[in-house]
**Q** 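Have a look at the structure that comes next, please.
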Number of protein chains: 2
Amino acid sequence: MSQQRHGSTPGNAPGDRAGAVTAFPDLPEATIARLPEYLRALHNLGEGGADTVSSEGLAAAAGVNSAKLRKDLSHLGSYGTRGVGYDVALLIEQIEYVLGLDQRRAVCLVGLGNLGHALAGYDGFASRGFKIVALFDADVSKVGEEIQGLTVRHIEDLGRVAVEENIAIGVIATPAGAAQTVADVLVDAGVTSILNFAPCVLSVPANVDVRKVDLAIELQILSFHEHRKASLTALPGGRSATAAGNQEAVGS
Amino acid sequence: MSQQRHGSTPGNAPGDRAGAVTAFPDLPEATIARLPEYLRALHNLGEGGADTVSSEGLAAAAGVNSAKLRKDLSHLGSYGTRGVGYDVALLIEQIEYVLGLDQRRAVCLVGLGNLGHALAGYDGFASRGFKIVALFDADVSKVGEEIQGLTVRHIEDLGRVAVEENIAIGVIATPAGAAQTVADVLVDAGVTSILNFAPCVLSVPANVDVRKVDLAIELQILSFHEHRKASLTALPGGRSATAAGNQEAVGS
DNA sequence: CGCGATTTGTGCACACCTTCACAAGCGCCT
DNA sequence: AGGCGCTTGTGAAGGTGTGCACAAATCGCG
């Protein structure tokens, strides 16, 4: 993953929410990538009326191995109760805190083509800790358009607005050709996390995190497995028994 | 990852394209997930007029370490030339073959909300080896709508159409509540690879591959890093030098 | 109060992945 | 023909992640 393995400042035990500037024990990246999934599963369980969950139960709901789940939670010093399980509400609170979701984060979206429109209208963001506060596009014919109560602005205004609205996360949904330029503008505007939907590699300063989602790549990976499966059809076995678990979550 | 670690049939060396049913040396999952990125970089380079690339050059274009790139390519028995580099056209052909992209794969898309519409209109699919051949939705008010030259059909027709069109890959872009049902239908229709955009865990037979893309999860991971960075602001360093490389590709 | 059932937290072993460092191979120039 | 510089392919080392299996802890019940 990224080079910024800043050696976590020793400080405060997790669970100690007192000091405003709590530093984290360095969580494994793999764990971090799974926490959001646990969180989603916990919300589901909570809405279903559960007060506590066993690691087994939560693991099933999140589609992972229970040992892995326990180890992940132990990393954040989590408070389960032996013989009982985890308190759903408490665990939600803990994970949201670790992920920094207790403060609703402002996000801006650049590029309002097909995908950009869909993202702007995606209510999953709002319901899971984020708020899209600004939309930008380079195309003047799109500027002024109103989407989901927000007006599309010209990308020139990005710098000013980003500061005003205290935006730390930017989403790039432009064509590949424009993505690097947009990334540069975002970085200049103080954005330190970028979610990139454009099929290209971005180069950014070391203090900026980039995550990339490439829809075609996902399909190509599936295609490989299809190809492999097809080359195995002559073998024994064929369509086999039903079993859950061959889920393949995205994330690094 | 998935349990189907079918012990690869020994057969045919890669590069030996003669036998129609070539089995693969089992490529590491991590390598597979990067191949599409290499492919994209190669296409870019090719369009730029390059005939050959060094591992260093290609690695830079794909945003990875050059040693990793060489090892990845060596896994597929790739033919580079020492002192020269890789033949761009040949390497493209090799990777496309391994990924099974030489045959344009038929994909169906279920769920035509905001995201579904965007996916249906995404030209990145067509240009990278896939063709969306059918659209489905459960909502009768959407059935009949025409999108990108395709007519939305009712999900009841999925089984029949999937067989007719020989669809092996399905994309789920429905709300979470409907996703499992849709997955079941897809599986019954003979689909063996699913790309799931719904925020939920799917349970499917062991021979079916599922990849999940959850937009909110990506943001939550970024949020964690933001949170961590914020808790480090008091430390020495601050905004540091420009450097490429802290890219975080999605994929397992 | 003690015992058994249950479930967490974790030490350990293993598998996978990454990175370094270098030998082997190739082409070019003299 | 020979040597030199460049680049691939890979052995080995270190790191990260996974999963088993079990000890430690807690609850409920007799």
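Naming convention: chains lettered A, B, ... in sequence-line order (proteins, then strands); numbering from 1 in each chain.
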**Q** Describe the nucleic acid contact of B:Ser78 in one word from base, sugar-phosphate, nothing, applying a heavy-atom distance below 4.0 Å.
**A**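 Sugar-phosphate, no base atom in range.
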
**Q** Please give, in whole Å, the distance from C:dC17 C1' to B:Arg34 CZ?
**A**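 From B:Arg34 CZ to C:dC17 C1': 8 Å.
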
**Q** Tell me whether the OP1 or OP2 atom of D:dC22 has a side-chain N or O from A:Arg70 closer than 4.0 Å.
**A**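 Indeed not, no polar side-chain atom of A:Arg70 lies that close.
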
**Q** Return whichever of B:Thr31 or A:Gly85 has its heavy-atom-nearest nucleotide of DNA chain C closer to the 5' end.
**A**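 Going by which nucleotide is closer to the 5' end, it is A:Gly85.
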
**Q** Between A:Val84 and B:Val84, just flag the one whose closest nucleotide in DNA chain D comes earlier from the 5' side.
**A**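 Going by which nucleotide is closer to the 5' end, it is B:Val84.
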
**Q** Given D:dC20, D:dG17, C:dC17, which nucleotide is nearest the side-chain atoms of A:Asn65?
**A**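 Nearest to the side-chain atoms of A:Asn65, counting from C-beta on, is D:dC20.
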
**Q** Under 3.5 Å, is there any donor-acceptor pair linking the side chain of B:Arg82 to the base of D:dT8?
**A**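 Looking at the base of D:dT8, it does pair with a donor or acceptor on the side chain of B:Arg82 (distance under 3.5 Å).
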
**Q** Can you figure out which of D:dG9, C:dC20, D:dT8 approaches the side chain of B:Ser55 most closely?
**A**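 Nearest listed nucleotide: D:dT8.
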
**Q** Indicate whether the side chain of B:His225 and that of B:Arg228 have a donor and an acceptor atom separated by less than 3.5 Å.
**A**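 B:His225 vs B:Arg228: donor-acceptor pair found between side chains.
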
**Q** Of the options C:dC26, D:dC20, C:dT19, whose atoms approach the side-chain atoms of B:Thr81 most closely?
**A**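 Comparing C:dC26, D:dC20, C:dT19 against the side chain of B:Thr81, the answer is C:dC26.
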
**Q** Which whole-number value in Å describes the distance from A:Gln94 CD to C:dG9 P?
**A**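 In whole Å, C:dG9 P and A:Gln94 CD are 11 Å from each other.
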
**Q** Roughly how many Å is it from CG in A:Leu58 to P in C:dG9, rounded to a whole number?
**A**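 These atoms are roughly 12 Å apart.
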
**Q** Out of D:dT7, D:dT10, C:dT18, which has the shortest distance to the side chain of B:Ser54?
**A**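 Ranking D:dT7, D:dT10, C:dT18 by closest atom to the B:Ser54 side chain puts D:dT7 first.
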
**Q** Does a sphere of radius 6.0 Å around CD in B:Glu56 hold more than 12 heavy atoms from other residues, nucleotides or ligands, not counting ones at 6.0 Å or beyond?
**A**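 Not more than 12 within 6.0 Å, no.
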
**Q** Among A:Leu195, A:Val171, A:Leu99, whose side-chain contact (heavy atoms from CB on, under 4.5 Å) with B:Leu222 holds?
**A**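 Answer after filtering A:Leu195, A:Val171, A:Leu99: A:Leu195.
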
**Q** What is the distance, rounded to the nearest whole Å, between atom CD of B:Glu56 and atom C1' of C:dA21?
**A**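 Going from B:Glu56 (CD) to C:dA21 (C1'), I get 14 Å.
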
**Q** From NZ of B:Lys68 over to C1' of C:dC16, roughly how many Å is that when rounded to an integer?
**A**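 From B:Lys68 NZ to C:dC16 C1': 13 Å.
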
**Q** Any side-chain donor paired with an acceptor under 3.5 Å for B:Tyr38 and B:Asp72?
**A**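 A pair is found: one side chain offers a donor N or O, the other an acceptor, under 3.5 Å apart.
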
**Q** Applying the side-chain hydrogen bond (donor to acceptor under 3.5 Å, both in side chains) test to A:Arg70, which of A:Ser78, A:Ser55, A:Ser54 qualifies?
**A**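 The single option meeting the side-chain hydrogen bond (donor to acceptor under 3.5 Å, both in side chains) with A:Arg70 is A:Ser55.
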
**Q** Look at the side chain of B:Lys71 and the base of D:dT10, then say whether one donor and one acceptor between them are separated by less than 3.5 Å.
**A**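 Flag unset: no donor-acceptor pair detected.
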
**Q** Between A:Leu69 (CG) and D:dG17 (P), how many Å, whole number?
**A**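 Rounded to whole Å, this separation is 16 Å.
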
**Q** Atom CG of A:Leu73 and atom P of C:dT10: how far apart are they, to the nearest Å?
**A**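 From A:Leu73 CG to C:dT10 P: 12 Å.
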
**Q** In whole angstroms, how far is the P atom of D:dT8 from the CG atom of B:Asp87?
**A**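 For the pair B:Asp87 CG and D:dT8 P, the rounded distance is 13 Å.
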
**Q** Would one find a side-chain N or O of A:Tyr86 under 4.0 angstrom from OP1 or OP2 of C:dG9?
**A**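 For C:dG9, OP1/OP2 do have a side-chain N/O of A:Tyr86 under 4.0 Å.
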
**Q** Toward the 5' end of DNA chain D, which comes first, A:Gly83 or A:Asp72, by nearest nucleotide?
**A**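 The residue closer to the strand's 5' end, by nearest nucleotide, is A:Asp72.
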
